Number of protein chains: 2
Amino acid sequence: MGLTDRQRQILNFIKQSILKEGFPPSIREIGEHFGIYPRAAFDHVKALEKKGFVKRSAAKSRGIEVRDFMERDVQPDARQVPLLGRVTAGRPVLAVENIESIVCIPRDWARGEEVFLLRVKGDSMAPFIMDGDLALVRSQASADNGDVVVALLEDEATIKRFYRENRHVVLKPDNAAWETLRMEEGTPGFRLIGKVIGVYRRI
Amino acid sequence: MGLTDRQRQILNFIKQSILKEGFPPSIREIGEHFGIYPRAAFDHVKALEKKGFVKRSAAKSRGIEVRDFMERDVQPDARQVPLLGRVTAGRPVLAVENIESIVCIPRDWARGEEVFLLRVKGDSMAPFIMDGDLALVRSQASADNGDVVVALLEDEATIKRFYRENRHVVLKPDNAAWETLRMEEGTPGFRLIGKVIGVYRRI
DNA sequence: TGATTTAGTCAACGCATGTATAGTATAATA
DNA sequence: TATTATACTATACATGCGTTGACTAAATCA
(Lines give C-alpha, C1' and ligand atoms only; values in the text may rest on other atoms or scores of the structure.)
Protein backbone atom coordinates (compact mmCIF):
# COMPACT_ATOMS: atom_id res chain seq x y z
CA MET A 1 0.00 0.00 0.00
CA GLY A 2 1.87 3.05 -1.28
CA LEU A 3 1.42 6.71 -0.57
CA THR A 4 -0.56 9.18 -2.64
CA ASP A 5 1.16 12.29 -3.96
CA ARG A 6 -0.44 14.41 -1.27
CA GLN A 7 0.49 11.99 1.51
CA ARG A 8 4.08 11.94 0.28
CA GLN A 9 4.13 15.76 0.37
CA ILE A 10 2.81 15.76 3.93
CA LEU A 11 5.36 13.14 5.02
CA ASN A 12 8.19 15.10 3.40
CA PHE A 13 7.09 18.28 5.15
CA ILE A 14 7.11 16.47 8.48
CA LYS A 15 10.60 15.11 7.79
CA GLN A 16 11.91 18.48 6.64
CA SER A 17 10.44 20.16 9.71
CA ILE A 18 12.13 17.70 12.05
CA LEU A 19 15.47 18.21 10.29
CA LYS A 20 15.11 21.99 10.28
CA GLU A 21 13.39 22.69 13.61
CA GLY A 22 14.36 19.67 15.65
CA PHE A 23 10.80 18.67 16.42
CA PRO A 24 7.73 17.62 14.42
CA PRO A 25 5.15 20.15 13.19
CA SER A 26 1.76 20.51 14.85
CA ILE A 27 -1.35 19.51 12.93
CA ARG A 28 -2.17 23.17 12.40
CA GLU A 29 1.31 23.98 11.14
CA ILE A 30 0.96 21.24 8.54
CA GLY A 31 -2.39 22.67 7.54
CA GLU A 32 -1.08 26.23 7.32
CA HIS A 33 1.86 25.14 5.17
CA PHE A 34 -0.40 23.52 2.61
CA GLY A 35 -3.23 26.01 2.97
CA ILE A 36 -5.74 23.46 4.22
CA TYR A 37 -7.86 23.12 7.34
CA PRO A 38 -6.54 21.37 10.48
CA ARG A 39 -8.99 18.56 9.98
CA ALA A 40 -7.65 17.80 6.48
CA ALA A 41 -4.07 17.77 7.79
CA PHE A 42 -5.18 15.60 10.70
CA ASP A 43 -6.74 13.06 8.33
CA HIS A 44 -3.54 12.91 6.28
CA VAL A 45 -1.41 12.22 9.33
CA LYS A 46 -3.85 9.50 10.39
CA ALA A 47 -3.59 8.01 6.89
CA LEU A 48 0.21 8.04 7.19
CA GLU A 49 -0.12 6.26 10.53
CA LYS A 50 -2.50 3.68 9.09
CA LYS A 51 0.00 2.94 6.33
CA GLY A 52 2.82 2.63 8.84
CA PHE A 53 4.98 5.53 7.71
CA VAL A 54 4.44 7.39 10.93
CA LYS A 55 3.77 6.52 14.56
CA ARG A 56 1.52 8.83 16.49
CA SER A 57 1.29 9.47 20.21
CA ALA A 58 -2.39 10.29 20.27
CA ALA A 59 -3.54 13.50 21.95
CA LYS A 60 0.02 14.71 22.41
CA SER A 61 1.06 17.89 20.68
CA ARG A 62 3.50 17.25 17.84
CA GLY A 63 3.21 13.57 18.70
CA ILE A 64 4.48 12.35 15.33
CA GLU A 65 7.38 9.97 14.92
CA VAL A 66 8.63 9.24 11.42
CA ARG A 67 9.55 5.58 11.06
CA ASP A 68 12.82 4.59 9.40
CA PHE A 69 13.89 8.20 9.24
CA MET A 70 17.59 7.43 9.39
CA GLU A 71 17.49 4.41 7.11
CA ARG A 72 15.83 6.16 4.23
CA ASP A 73 16.93 9.74 4.36
CA VAL A 74 19.97 10.72 6.24
CA GLN A 75 23.30 10.56 4.54
CA PRO A 76 25.60 8.57 6.80
CA ASP A 77 23.75 5.95 5.03
CA ALA A 78 25.89 5.99 1.96
CA ARG A 79 27.79 2.99 0.78
CA GLN A 80 31.17 2.95 -0.91
CA VAL A 81 31.23 0.73 -3.93
CA PRO A 82 34.21 -0.13 -6.17
CA LEU A 83 34.01 0.83 -9.83
CA LEU A 84 35.59 -1.86 -12.02
CA GLY A 85 36.93 -1.16 -15.47
CA ARG A 86 36.83 -4.82 -16.37
CA VAL A 87 36.30 -8.29 -14.98
CA THR A 88 39.10 -10.76 -15.56
CA ALA A 89 39.20 -14.52 -15.40
CA GLY A 90 41.43 -16.29 -12.96
CA ARG A 91 41.66 -13.61 -10.32
CA PRO A 92 38.92 -12.65 -7.89
CA VAL A 93 36.47 -10.16 -9.35
CA LEU A 94 37.39 -7.42 -6.93
CA ALA A 95 41.14 -7.68 -7.59
CA VAL A 96 42.87 -4.40 -6.85
CA GLU A 97 44.14 -3.90 -10.35
CA ASN A 98 40.59 -3.81 -11.69
CA ILE A 99 39.35 -1.12 -9.35
CA GLU A 100 39.16 2.22 -11.13
CA SER A 101 37.80 4.15 -8.20
CA ILE A 102 35.54 3.93 -5.20
CA VAL A 103 32.28 5.78 -5.45
CA CYS A 104 29.58 6.54 -2.96
CA ILE A 105 25.94 5.69 -3.60
CA PRO A 106 22.83 5.45 -1.38
CA ARG A 107 22.90 2.29 0.69
CA ASP A 108 19.46 1.11 -0.36
CA TRP A 109 20.47 1.23 -4.02
CA ALA A 110 23.14 -1.35 -3.29
CA ARG A 111 21.63 -4.10 -1.20
CA GLY A 112 23.68 -7.24 -0.93
CA GLU A 113 26.93 -8.68 0.32
CA GLU A 114 29.28 -7.85 -2.49
CA VAL A 115 28.19 -5.11 -4.85
CA PHE A 116 30.23 -3.31 -7.48
CA LEU A 117 29.92 -1.03 -10.48
CA LEU A 118 31.11 -2.28 -13.85
CA ARG A 119 31.89 -0.13 -16.87
CA VAL A 120 29.98 -1.66 -19.76
CA LYS A 121 31.67 -2.35 -23.10
CA GLY A 122 29.65 -3.20 -26.18
CA ASP A 123 25.97 -2.90 -27.05
CA SER A 124 24.70 -6.47 -26.72
CA MET A 125 22.02 -5.26 -24.31
CA ALA A 126 21.12 -2.09 -26.22
CA PRO A 127 19.00 -0.10 -25.83
CA PHE A 128 18.51 -1.20 -22.23
CA ILE A 129 22.18 -0.97 -21.37
CA MET A 130 24.50 1.04 -23.62
CA ASP A 131 28.24 1.15 -24.20
CA GLY A 132 29.84 3.26 -21.49
CA ASP A 133 27.04 2.78 -18.96
CA LEU A 134 27.86 1.73 -15.44
CA ALA A 135 26.16 -1.47 -14.36
CA LEU A 136 25.50 -2.00 -10.68
CA VAL A 137 26.19 -5.69 -10.05
CA ARG A 138 25.49 -7.88 -7.05
CA SER A 139 27.79 -10.88 -6.84
CA GLN A 140 25.89 -14.15 -6.97
CA ALA A 141 26.55 -17.58 -8.46
CA SER A 142 22.99 -18.27 -9.62
CA ALA A 143 20.17 -16.31 -11.20
CA ASP A 144 16.48 -16.49 -12.11
CA ASN A 145 15.10 -16.73 -15.63
CA GLY A 146 15.06 -13.31 -17.29
CA ASP A 147 17.62 -11.72 -14.97
CA VAL A 148 20.27 -9.55 -16.54
CA VAL A 149 23.58 -11.06 -15.48
CA VAL A 150 27.31 -10.61 -15.81
CA ALA A 151 28.96 -13.83 -16.94
CA LEU A 152 32.52 -14.77 -17.61
CA LEU A 153 33.21 -16.82 -20.76
CA GLU A 154 36.82 -17.94 -20.86
CA ASP A 155 38.55 -14.63 -20.49
CA GLU A 156 35.76 -12.31 -21.48
CA ALA A 157 32.98 -10.80 -19.37
CA THR A 158 29.60 -10.20 -20.99
CA ILE A 159 26.24 -8.85 -19.94
CA LYS A 160 23.28 -10.87 -21.15
CA ARG A 161 19.84 -12.02 -20.13
CA PHE A 162 19.93 -15.34 -18.28
CA TYR A 163 17.66 -18.36 -18.83
CA ARG A 164 17.87 -21.99 -17.76
CA GLU A 165 16.27 -24.48 -20.21
CA ASN A 166 16.48 -28.25 -19.80
CA ARG A 167 19.91 -28.44 -18.22
CA HIS A 168 21.23 -25.79 -20.53
CA VAL A 169 22.24 -22.26 -19.71
CA VAL A 170 21.05 -19.67 -22.22
CA LEU A 171 22.57 -16.21 -22.47
CA LYS A 172 20.41 -14.03 -24.66
CA PRO A 173 21.28 -10.48 -25.75
CA ASP A 174 18.51 -7.85 -25.96
CA ASN A 175 20.15 -6.61 -29.14
CA ALA A 176 19.17 -9.06 -31.92
CA ALA A 177 22.34 -8.26 -33.81
CA TRP A 178 24.19 -10.45 -31.35
CA GLU A 179 24.10 -14.20 -31.06
CA THR A 180 22.37 -16.13 -28.31
CA LEU A 181 24.76 -18.44 -26.47
CA ARG A 182 23.59 -21.84 -25.37
CA MET A 183 25.70 -24.29 -23.38
CA GLU A 184 25.40 -27.23 -21.03
CA GLU A 185 25.38 -26.57 -17.32
CA GLY A 186 28.83 -26.92 -15.85
CA THR A 187 30.63 -26.09 -19.07
CA PRO A 188 34.22 -25.26 -18.14
CA GLY A 189 35.22 -21.66 -18.77
CA PHE A 190 31.72 -20.41 -17.91
CA ARG A 191 31.16 -18.62 -14.64
CA LEU A 192 28.25 -16.51 -13.42
CA ILE A 193 29.61 -13.38 -11.79
CA GLY A 194 26.47 -11.66 -10.61
CA LYS A 195 23.15 -10.02 -11.32
CA VAL A 196 22.75 -6.51 -12.70
CA ILE A 197 20.55 -4.64 -10.21
CA GLY A 198 20.96 -1.13 -11.61
CA VAL A 199 22.22 0.89 -14.53
CA TYR A 200 23.75 4.32 -14.43
CA ARG A 201 24.16 6.35 -17.59
CA ARG A 202 25.87 9.69 -17.92
CA ILE A 203 24.69 11.69 -20.89
CA MET B 1 30.18 27.43 31.58
CA GLY B 2 29.30 23.87 32.51
CA LEU B 3 26.04 22.26 33.52
CA THR B 4 24.84 21.62 37.05
CA ASP B 5 23.88 18.09 38.06
CA ARG B 6 20.19 18.89 37.78
CA GLN B 7 20.59 20.56 34.40
CA ARG B 8 22.49 17.53 33.08
CA GLN B 9 19.64 15.29 34.29
CA ILE B 10 17.10 17.46 32.51
CA LEU B 11 19.17 17.50 29.29
CA ASN B 12 19.54 13.72 29.39
CA PHE B 13 15.82 13.28 29.86
CA ILE B 14 15.15 15.50 26.85
CA LYS B 15 17.61 13.48 24.74
CA GLN B 16 16.17 10.16 25.90
CA SER B 17 12.65 11.34 25.14
CA ILE B 18 13.57 12.37 21.60
CA LEU B 19 15.26 9.02 20.98
CA LYS B 20 12.41 7.04 22.50
CA GLU B 21 9.34 9.00 21.39
CA GLY B 22 10.62 10.76 18.31
CA PHE B 23 9.84 14.24 19.61
CA PRO B 24 10.89 16.40 22.58
CA PRO B 25 8.96 16.38 25.88
CA SER B 26 6.69 19.22 26.90
CA ILE B 27 7.62 21.42 29.85
CA ARG B 28 4.97 19.69 31.93
CA GLU B 29 6.22 16.22 30.99
CA ILE B 30 9.70 17.19 32.16
CA GLY B 31 8.20 18.44 35.41
CA GLU B 32 6.15 15.30 35.94
CA HIS B 33 9.16 13.06 35.34
CA PHE B 34 11.19 14.79 38.04
CA GLY B 35 8.26 15.49 40.33
CA ILE B 36 8.61 19.23 40.13
CA TYR B 37 6.34 22.06 39.05
CA PRO B 38 6.14 23.20 35.41
CA ARG B 39 7.73 26.46 36.39
CA ALA B 40 10.82 24.73 37.78
CA ALA B 41 11.16 22.62 34.63
CA PHE B 42 10.65 25.71 32.52
CA ASP B 43 13.45 27.53 34.31
CA HIS B 44 15.80 24.60 33.75
CA VAL B 45 15.12 24.51 30.02
CA LYS B 46 15.72 28.26 29.85
CA ALA B 47 19.01 27.75 31.68
CA LEU B 48 19.99 25.06 29.17
CA GLU B 49 19.17 27.47 26.37
CA LYS B 50 21.20 30.25 27.97
CA LYS B 51 24.19 27.92 28.18
CA GLY B 52 23.78 26.92 24.54
CA PHE B 53 23.00 23.24 25.01
CA VAL B 54 19.52 23.63 23.67
CA LYS B 55 17.78 25.86 21.15
CA ARG B 56 14.22 26.82 21.92
CA SER B 57 11.42 27.88 19.59
CA ALA B 58 9.68 30.10 22.09
CA ALA B 59 5.96 29.69 22.65
CA LYS B 60 5.84 26.53 20.57
CA SER B 61 4.84 23.27 22.21
CA ARG B 62 7.80 20.91 22.56
CA GLY B 63 9.90 23.59 20.91
CA ILE B 64 13.21 22.21 22.14
CA GLU B 65 16.10 21.31 19.84
CA VAL B 66 19.14 19.64 21.34
CA ARG B 67 22.29 20.98 19.73
CA ASP B 68 24.98 18.62 18.45
CA PHE B 69 22.64 15.72 18.94
CA MET B 70 23.38 14.06 15.67
CA GLU B 71 26.65 15.17 14.25
CA ARG B 72 26.92 13.40 10.93
CA ASP B 73 29.97 13.01 8.78
CA VAL B 74 29.68 13.10 5.05
CA GLN B 75 32.16 11.60 2.63
CA PRO B 76 34.39 14.32 1.17
CA ASP B 77 34.11 13.04 -2.37
CA ALA B 78 30.35 12.76 -2.29
CA ARG B 79 27.66 15.25 -3.08
CA GLN B 80 24.23 15.40 -1.56
CA VAL B 81 21.50 15.72 -4.13
CA PRO B 82 17.76 16.09 -3.51
CA LEU B 83 15.47 13.46 -4.98
CA LEU B 84 12.26 15.03 -6.27
CA GLY B 85 9.02 13.14 -6.68
CA ARG B 86 7.75 15.73 -9.12
CA VAL B 87 8.23 19.21 -10.48
CA THR B 88 5.43 21.69 -9.98
CA ALA B 89 4.66 24.95 -11.75
CA GLY B 90 4.64 28.18 -9.80
CA ARG B 91 6.97 27.29 -6.98
CA PRO B 92 10.72 26.94 -7.22
CA VAL B 93 11.80 23.53 -8.44
CA LEU B 94 13.51 22.61 -5.20
CA ALA B 95 10.47 23.44 -3.03
CA VAL B 96 10.57 21.45 0.18
CA GLU B 97 7.35 19.58 -0.42
CA ASN B 98 8.76 18.02 -3.57
CA ILE B 99 11.88 16.63 -1.93
CA GLU B 100 11.45 12.91 -1.29
CA SER B 101 14.87 12.43 0.18
CA ILE B 102 18.47 13.50 -0.06
CA VAL B 103 20.86 11.02 -1.60
CA CYS B 104 24.56 10.93 -1.91
CA ILE B 105 26.30 10.41 -5.24
CA PRO B 106 29.89 10.87 -6.46
CA ARG B 107 30.75 14.53 -6.84
CA ASP B 108 31.93 14.24 -10.43
CA TRP B 109 28.65 12.66 -11.52
CA ALA B 110 26.82 15.83 -10.53
CA ARG B 111 28.71 18.78 -11.87
CA GLY B 112 26.83 22.05 -11.88
CA GLU B 113 25.24 24.65 -9.67
CA GLU B 114 21.86 23.14 -9.02
CA VAL B 115 21.54 19.41 -9.63
CA PHE B 116 18.73 17.12 -8.59
CA LEU B 117 17.30 13.67 -9.17
CA LEU B 118 13.80 13.38 -10.59
CA ARG B 119 11.60 10.32 -10.46
CA VAL B 120 10.43 9.72 -14.03
CA LYS B 121 6.77 9.08 -14.80
CA GLY B 122 5.71 7.80 -18.20
CA ASP B 123 7.58 6.24 -21.11
CA SER B 124 7.82 9.08 -23.62
CA MET B 125 11.60 8.57 -23.78
CA ALA B 126 11.52 4.76 -23.77
CA PRO B 127 13.65 2.74 -24.12
CA PHE B 128 16.29 5.33 -23.25
CA ILE B 129 14.54 6.44 -20.07
CA MET B 130 11.85 4.25 -18.54
CA ASP B 131 9.01 4.79 -16.10
CA GLY B 132 10.40 4.73 -12.56
CA ASP B 133 13.94 5.67 -13.55
CA LEU B 134 15.72 8.44 -11.73
CA ALA B 135 16.88 11.24 -14.00
CA LEU B 136 19.84 13.33 -12.90
CA VAL B 137 19.00 16.89 -13.93
CA ARG B 138 21.12 20.02 -14.02
CA SER B 139 19.06 23.21 -13.74
CA GLN B 140 19.50 25.40 -16.80
CA ALA B 141 17.23 27.72 -18.76
CA SER B 142 18.59 26.87 -22.20
CA ALA B 143 19.76 23.75 -24.02
CA ASP B 144 21.50 22.58 -27.20
CA ASN B 145 19.87 20.71 -30.06
CA GLY B 146 19.47 17.05 -29.23
CA ASP B 147 19.77 17.47 -25.46
CA VAL B 148 17.37 15.52 -23.29
CA VAL B 149 15.61 18.11 -21.17
CA VAL B 150 13.03 18.46 -18.43
CA ALA B 151 10.42 21.03 -19.43
CA LEU B 152 7.37 22.37 -17.69
CA LEU B 153 4.24 22.70 -19.83
CA GLU B 154 1.55 24.51 -17.89
CA ASP B 155 1.41 22.34 -14.81
CA GLU B 156 3.06 19.21 -16.11
CA ALA B 157 6.73 18.30 -16.29
CA THR B 158 7.90 16.20 -19.22
CA ILE B 159 11.18 14.74 -20.39
CA LYS B 160 11.79 15.12 -24.12
CA ARG B 161 14.55 15.74 -26.60
CA PHE B 162 15.08 19.44 -27.27
CA TYR B 163 15.51 21.15 -30.65
CA ARG B 164 15.36 24.76 -31.78
CA GLU B 165 14.15 25.26 -35.38
CA ASN B 166 13.49 28.69 -36.94
CA ARG B 167 12.31 30.42 -33.79
CA HIS B 168 10.35 27.41 -32.71
CA VAL B 169 11.02 25.08 -29.81
CA VAL B 170 10.56 21.41 -30.61
CA LEU B 171 10.12 18.77 -27.91
CA LYS B 172 10.49 15.33 -29.44
CA PRO B 173 9.91 12.05 -27.60
CA ASP B 174 12.14 9.08 -28.38
CA ASN B 175 9.06 6.88 -28.16
CA ALA B 176 7.22 7.31 -31.47
CA ALA B 177 3.93 6.52 -29.75
CA TRP B 178 4.03 10.02 -28.30
CA GLU B 179 3.47 13.28 -30.13
CA THR B 180 6.14 15.80 -30.96
CA LEU B 181 5.36 19.20 -29.49
CA ARG B 182 6.18 22.31 -31.50
CA MET B 183 5.69 25.84 -30.25
CA GLU B 184 6.93 29.38 -30.73
CA GLU B 185 9.73 30.61 -28.53
CA GLY B 186 8.40 32.44 -25.51
CA THR B 187 5.08 30.62 -25.48
CA PRO B 188 3.55 31.26 -22.05
CA GLY B 189 3.25 28.21 -19.85
CA PHE B 190 6.44 26.72 -21.26
CA ARG B 191 9.54 26.67 -19.11
CA LEU B 192 12.80 24.80 -19.51
CA ILE B 193 13.79 23.31 -16.18
CA GLY B 194 17.08 21.68 -16.97
CA LYS B 195 19.11 19.15 -18.87
CA VAL B 196 19.15 15.45 -18.09
CA ILE B 197 22.81 14.56 -17.50
CA GLY B 198 22.31 11.05 -16.20
CA VAL B 199 19.82 8.25 -15.79
CA TYR B 200 19.70 5.76 -12.95
CA ARG B 201 17.65 2.61 -13.25
CA ARG B 202 17.06 0.01 -10.55
CA ILE B 203 16.21 -3.40 -11.90
C1' DT C 1 27.56 41.89 53.10
C1' DG C 2 24.52 42.21 49.49
C1' DA C 3 23.75 40.31 44.80
C1' DT C 4 23.38 36.50 41.88
C1' DT C 5 22.59 31.69 40.73
C1' DT C 6 20.28 27.47 41.62
C1' DA C 7 16.16 24.93 42.78
C1' DG C 8 12.02 24.98 44.18
C1' DT C 9 6.22 25.88 45.41
C1' DC C 10 1.60 27.51 44.02
C1' DA C 11 -1.96 29.54 41.23
C1' DA C 12 -3.39 31.40 37.05
C1' DC C 13 -3.79 33.37 32.03
C1' DG C 14 -4.58 32.57 27.33
C1' DC C 15 -3.28 30.83 23.09
C1' DA C 16 -2.01 26.29 20.90
C1' DT C 17 -3.39 22.01 19.77
C1' DG C 18 -5.59 17.39 19.03
C1' DT C 19 -9.87 15.93 18.06
C1' DA C 20 -14.98 15.61 16.97
C1' DT C 21 -19.26 16.55 14.31
C1' DA C 22 -21.18 17.45 9.99
C1' DG C 23 -20.88 18.25 5.72
C1' DT C 24 -19.14 18.33 -0.01
C1' DA C 25 -16.98 16.26 -3.97
C1' DT C 26 -14.25 13.06 -6.82
C1' DA C 27 -12.01 8.88 -8.11
C1' DA C 28 -11.16 4.19 -7.57
C1' DT C 29 -12.94 -0.36 -6.29
C1' DA C 30 -15.86 -4.53 -5.79
C1' DT D 1 -24.18 -0.29 -8.53
C1' DA D 2 -22.99 0.67 -3.80
C1' DT D 3 -18.95 1.39 -1.19
C1' DT D 4 -14.66 2.77 0.20
C1' DA D 5 -10.57 5.84 -0.03
C1' DT D 6 -9.09 10.45 -0.89
C1' DA D 7 -9.15 15.32 -0.11
C1' DC D 8 -11.16 18.77 1.37
C1' DT D 9 -14.46 23.02 4.13
C1' DA D 10 -16.27 24.99 8.36
C1' DT D 11 -17.16 25.27 13.25
C1' DA D 12 -16.35 24.06 17.86
C1' DC D 13 -14.80 21.86 22.36
C1' DA D 14 -11.80 20.63 25.97
C1' DT D 15 -7.49 20.12 27.30
C1' DG D 16 -2.41 20.73 26.52
C1' DC D 17 1.01 23.82 26.98
C1' DG D 18 4.27 27.86 27.33
C1' DT D 19 4.51 31.42 30.13
C1' DT D 20 4.05 34.73 34.04
C1' DG D 21 3.87 36.75 38.83
C1' DA D 22 4.80 36.17 43.53
C1' DC D 23 7.34 33.93 46.98
C1' DT D 24 10.84 30.63 49.77
C1' DA D 25 15.40 28.98 50.67
C1' DA D 26 20.03 27.53 50.22
C1' DA D 27 24.62 28.08 47.96
C1' DT D 28 27.90 30.82 45.62
C1' DC D 29 30.09 35.07 44.09
C1' DA D 30 32.10 39.80 44.17
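Remember, it's a predicted structure, so these values are computed and weren't measured experimentally. The chains referred to below are lettered A, B, ... by the order of the sequence lines, with proteins before strands, and numbering in each begins at 1.
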In 5'-to-3' order, the base (B), backbone-only (S) or no-contact (-) status of each nucleotide in nucleotides 4-23 of chain C, using a 4.0 angstrom heavy-atom cut-off, is --SSSBB-B----BBBBB--
Quick check: closest heavy atoms across Val115(B) and Val81(B), and the distance to 0.1 Å?
O-CG1, 3.7 Å
Regarding Arg161(B) and the six-membered ring of Phe128(B), is the cationic atom NZ or CZ under 6.0 Å from the ring centre and inside 45° of its axis?
yes
Are any protein N/O atoms closer than 3.5 Å to N/O atoms in nucleotides 24-30 of chain C? If there are, list each pair with its distance.
none

On a heavy-atom basis, which atom in Arg201(A) and which in Pro127(A) lie closest, and how many Å separate them?
NH2-O, 3.7 Å
So how far is it from Gln7(A) CD to Phe53(A) CZ, rounded to the nearest 0.5 Å?
8.5 Å
Salt bridge flag under 4.0 Å for residues Glu185(B) and Arg167(B)
no
In this structure, how many angstroms lie between the C1' atom of dA7(D) and the CD1 atom of Ile30(A), rounded?
15 Å
Take Val149(B) and Ile159(B), measure what side chain to side chain contact (heavy atoms under 4.5 Å, CB included) needs, and give me the verdict at the end.
CA-CA 6 Å; Val149(B) 300; Ile159(B) 298 189; over 6 Å; no
Working to the nearest 0.5 angstrom, can you tell me the gap between Ile105(B) CD1 and Ile105(A) CD1?
10.5 Å
Sub-6.0 Å ring centroid separation between Phe34(B) and Phe13(B)
yes
